[in-house]
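To find a chain, count down the sequence lines: A is the first, B the second, and so on, and within it residues start at 1. Treat the numbers as computed from the prediction; the structure is a model and nothing was measured.
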Amino acid sequence: MAELPDKKTAFIDWYLAVVEEADLSDKRYGVKGMNVWTRYGFRARRNLDHVMVREIEATGSEAVEFPALIPATEFAKEKEHIKGFDAQVFWVTRGGLTDLDVPLVLRPTSETAIYPIFALWVRSHRDLPLNVYQIVNTFRYETKTTRPFVRVREIHFFEEHTCQVDEETATARVRSNLAAFRRMARSFALPYLSVRRPEWDKFAGAHYTIAFDLPLAGARTLQLGSVHHYRDNFSRPYGIRYEAADGEERYVHQTTFGLSERLLGAIVGAHGDARGAVFPSEVAPFEVVIVPILSAASGEAVARAAREIADELRQAGRRVRLDDGDDRPGAKFYRWELAGVPLRLEVGARELERGELTGVDRLGRKLPLARVRLAEAVAGALTAFDLELGRRADAAFREAVAPATQLSELAGSERVRLLGWCGEEACGHAIERAIDGALLGTPEEPLPFAFPEPKACIACGRTDGVRVALAAQPM
RNA sequence: GGGACUGUGGGGUAGCUUGGUCCAUCCUUCGGGGUUCGGGACUCCGAGACGCCAGUUCAAAUCUGGCCAGUCCCA
């Protein structure tokens with residue numbers, strides 16, 4: 001098997017090779033940006049979804065599912081929203097042989113599908129808060145180059161939509177979402193920046209947008225998801241009103257929280273190395289792979305022991321793959337490292353003799369695991385693996401962000417830049433031109449490391465009203 | 001939206017300029033047999049491709065046009 005391209009100098013090539021060779025996605029389907037979920041990739045996706053569902057439901061949100069097609073008339077009700085999405089929607093204009101009177105939009109996101117129904121569901125303050133989410137496919141007509149998981153036309157999308165009694169309560173919901181994402185990100189071992197987007201880059205129709213950005217490869221960042229406060233921007237056109245306790249009719253304030261399969265791309269991109277993917281155990285399609293080391297003399301006993309061990313671990317709830325194929329052990333090691341399995345257990349004559357298995361985690365750390373009470377030892381090894389994976393990702397994260405005080409430092413920057421910004425749009429665009437990227441915005445949550453407080457706007461030099469901002473090249 | 005380029009077995013490629021020497025090269029992959037098995041085994045046998053449609057021509061992977069798919073640059 002060929003060597004992978006170098007992650008540092010040829011990140012995209014490396015990423016595509018890992019996705020392909022680890023068999024996470026099959027991109028040979030004949031429509032741009034619409035890829036096939038393979039068996040292996042689907043397992044990872046399901047585990048990812050499981051974490052999202054667990055954390056959002058812990059906050060009281062409930063699952064729903066709305067239709068994929070939206071009447072053009074509903075889609076057009078919120079002016080900013082349609083302006084933002086018009087150029088990237090797929091249209092259904094014909095049914096059978098008949099042109100439709102009202103064309104249908106294939107949802108690029110579901111506000112306009114959900115809100116007419118919210119207007120029916122919400123009548124009293126007793127109906128609030130309304131917190132629901134769905135995990136569905138959404139469609140966007142991407143014209144740029146598509147990449148598996150990262151930029152696709154059919155998106156595996158998690159979206160929470162909520163209605164709150166007022167702006168303040170909606171703000172609290174935003175904070176709750178930020179906390180939920182923090183917990184999810186811990187499961188994925190992903191460090192990130194949570195950033196309030198500048199006015200010109202907020203979600204179409206939002207009052208404000210907070211996005212999660214992951215530094216990847218040089219100055220490039222990947223947006224992992226976003227939380228939006230809509231105020232009553234949508235509830236007014238869609239008529240989502242309630243009667244308050246005092247008898248007055250009021251419009252709800254709304255929030256949304258969106259995530260996607262892009263998280264899978266982020267996990268591959270952030271944790272992967274020269275040998276391939278590295279999955280945190282909660283996302284890993286298989287947490288453990290067992291490789292029997294056979295020989296003419298002990299083959300039978302070893303094969304039996306390997307099967308017993310696999311059964312035992314499965315009964316303990318672990319996702320286990322027993323690789324009893326005909327390849328030699330070395331070939332299996334390479335394949336499962338490429339596939340990102342967190343822990344490999346080697347079982348051979350030596351192990352049976354000692355009553356101790358050879359464990360090697362995906363970070364290359366070797367650890368002996370006693371055969372008795374193996375499930376406990378494996379659980380411990382996986383926990384230690386996740387911690388170390390997180391530590392390494394955190395270290396890379398700190399390395400990826402650096403302050404800048406001169407516009408000239410931004411050109412060709414190999415880091416995400418922390419800088420001073422006066423808040424003026426003109427200065428924001430000057431910064432974007434300088435870094436050939438975007439002003440991500442201002443940190444919404446404290447950054448996890450110390451940095452010198454900027455004294456002046458990097459673009460105009462003004463010293464009053466200066467805030468910290470981040471600039472990068474979003475992928 | 002504008003421009004440039006590309007399309008050869010499952011993956012990566014040679015061949016294309018100058019049509020014939022190509023029932024298409026090499027690596028990998030896949031199926032079967034045997035010997036193996038503690039970091040990508042060896043060996044024998046076998047399988048698999050010129051994106052699609054039309055045109056030019058005695059002859060097309062190679063030239064022309066359209067379509068489809070993809071890549072890059074610019075807006």
- Could you give the CD-to-C1' distance, from A:Glu20 to B:G12, as a whole number of Å? 10 Å
- Message: Could you identify the nucleotide paired to B:G48, looking across every strand shown and requiring Watson-Crick or G-U wobble geometry with both distances under 3.5 Å?
- Response: none
- Taking atom types as modelled, is there a side-chain donor on A:Thr109 or A:Glu111 under 3.5 Å from an acceptor on the other? yes
- Query: Taking only residues two or more places apart in sequence or in another chain, which ones pass side chain to side chain donor-acceptor pair (under 3.5 Å) with A:Asp311?
  - Reply: none
- Test item: side-chain donor near acceptor, A:Thr358 and A:Glu351, under 3.5 Å: yes
- By the Watson-Crick or G-U definition, both distances under 3.5 Å, B:G1 is matched with B:C74
- Whom does B:U18 pair with, Watson-Crick or G-U wobble, provided both distances fall under 3.5 Å? none
- Message: Under 3.5 Å, is there any donor-acceptor pair linking the side chain of A:Glu337 to the base of B:G39?
- Response: yes
- Please indicate yes or no: is the ring centre of A:Phe333 less than 5.5 Å from the centre of the six-membered base ring of B:G39, with the two planes inclined by under 30 degrees? no
- Rounded C1' spacing from B:C63 to B:C26 in Å: 27 Å
- Message: Please give the distance between the C1' atoms of B:C37 and B:C42 as a whole number of Å.
- Response: 12 Å
- With C1' as the reference atom in both, quote the distance from B:G10 to B:U36 in angstrom, rounded to an integer. 27 Å
- Query: Just checking A:Arg350: base, sugar-phosphate only, or nothing, at a heavy-atom cut-off of under 4.0 Å?
  - Reply: base
- Item | Between B:G34 and B:C72 - P atom distance, rounded Å | 48 Å
- Would you mind classifying the nucleic acid contact of A:Thr146 as base, sugar-phosphate or nothing, using non-hydrogen atoms under 4.0 angstrom? sugar-phosphate
- Query: Rounded to whole angstroms, how far apart are CG on A:Asp326 and C1' on B:G32?
  - Reply: 12 Å
- B:U62 -> Watson-Crick or G-U wobble partner, both distances under 3.5 Å, gives none
- Message: With rounding to the closest Å, how many angstrom separate the P atoms on B:U62 and B:U21?
- Response: 13 Å
- Item | Separation of atom CG in A:Leu357 from atom P in B:G38, rounded to whole Å | 18 Å
- Separation between the P atoms of B:G7 and B:A61, rounded to whole Å: 15 Å
- Message: Can you confirm whether the side chains of A:Thr405 and A:Glu409 place a donor and an acceptor under 3.5 Å from each other?
- Response: yes
- Message: Base, sugar-phosphate or nothing for A:Thr358? Non-hydrogen atoms, less than 4.0 Å.
- Response: base
- Length of the line joining A:Asp26:CG and B:G70:P, which is rounded to integer Å: 14 Å
- Note on the structure: Here the distance between atom P of B:G70 and atom NZ of A:Lys27, to the nearest Å, is 11 Å
- Of all the nucleotides listed (B:C72, B:G38, B:G39), which has the minimum atom distance to the side chain of A:Pro329? B:G38
- Query: Where the side chain of A:Arg275 is concerned, which of B:G39, B:C72, B:C37 is the nearest nucleotide?
  - Reply: B:G39
- Could you check which nucleotide pairs with B:C42 in any of the strands shown, counting Watson-Crick or G-U wobble with both distances under 3.5 Å? B:G34
- Task: Kindly indicate whether the side chain of A:Phe279, heavy atoms from C-beta on, has any atom under 4.5 Å from the side chain of A:Arg362.
- Result: no
- Message: Against the six-membered ring of A:Trp336, is A:Arg344 placed for a cation-pi contact (under 6.0 Å from the centre, within 45° of the normal)?
- Response: no
- Message: By nearest heavy atom, map A:Ser295 and A:Ala331 onto RNA chain B; which one lands nearer the 5' end?
- Response: A:Ser295
- Message: Taking only the C1' atom of each, what is the distance from B:C73 to B:G11 in whole angstrom?
- Response: 28 Å
- Figure out the CZ/P separation between A:Arg344 and B:G39, and round it to whole Å. 10 Å
- Query: When we call it a touch if two heavy atoms are under 4.0 Å apart, what does A:Lys32 touch: a base, just sugar-phosphate, or nothing?
  - Reply: sugar-phosphate
- Query: What is the distance from CD of A:Glu356 to C1' of B:G38, rounded to the nearest Å?
  - Reply: 15 Å
- Mind checking A:Val31 for me? I need base, sugar-phosphate or nothing, with any heavy atom below 4.0 Å counting as a touch. sugar-phosphate
- Note on the structure: Using Watson-Crick geometry (N1-N3 plus N6-O4 or O6-N4) or G-U wobble (N1-O2, O6-N3), each under 3.5 Å, B:A24 is paired with none
- Task: May I have the distance from A:Asp324 (atom CG) to B:U36 (atom P), rounded to whole angstrom?
- Result: 20 Å
- Message: Between A:Phe139 and A:Trp91, is the ring centroid distance below 6.0 Å?
- Response: no
- Item | Inter-nucleotide C1' distance (B:A60, B:C53), Å rounded | 15 Å
- Query: Paired with B:A69: which nucleotide, if any, by Watson-Crick or G-U wobble criteria at under 3.5 Å for both distances?
  - Reply: B:U6
- Partner residues of A:Arg391 under the side chain to side chain donor-acceptor pair (under 3.5 Å) criterion, sequence neighbours left out: A:Glu388
- Query: Do any side-chain nitrogens or oxygens of A:Arg328 fall under 4.0 Å of OP1 or OP2 in B:G38?
  - Reply: yes
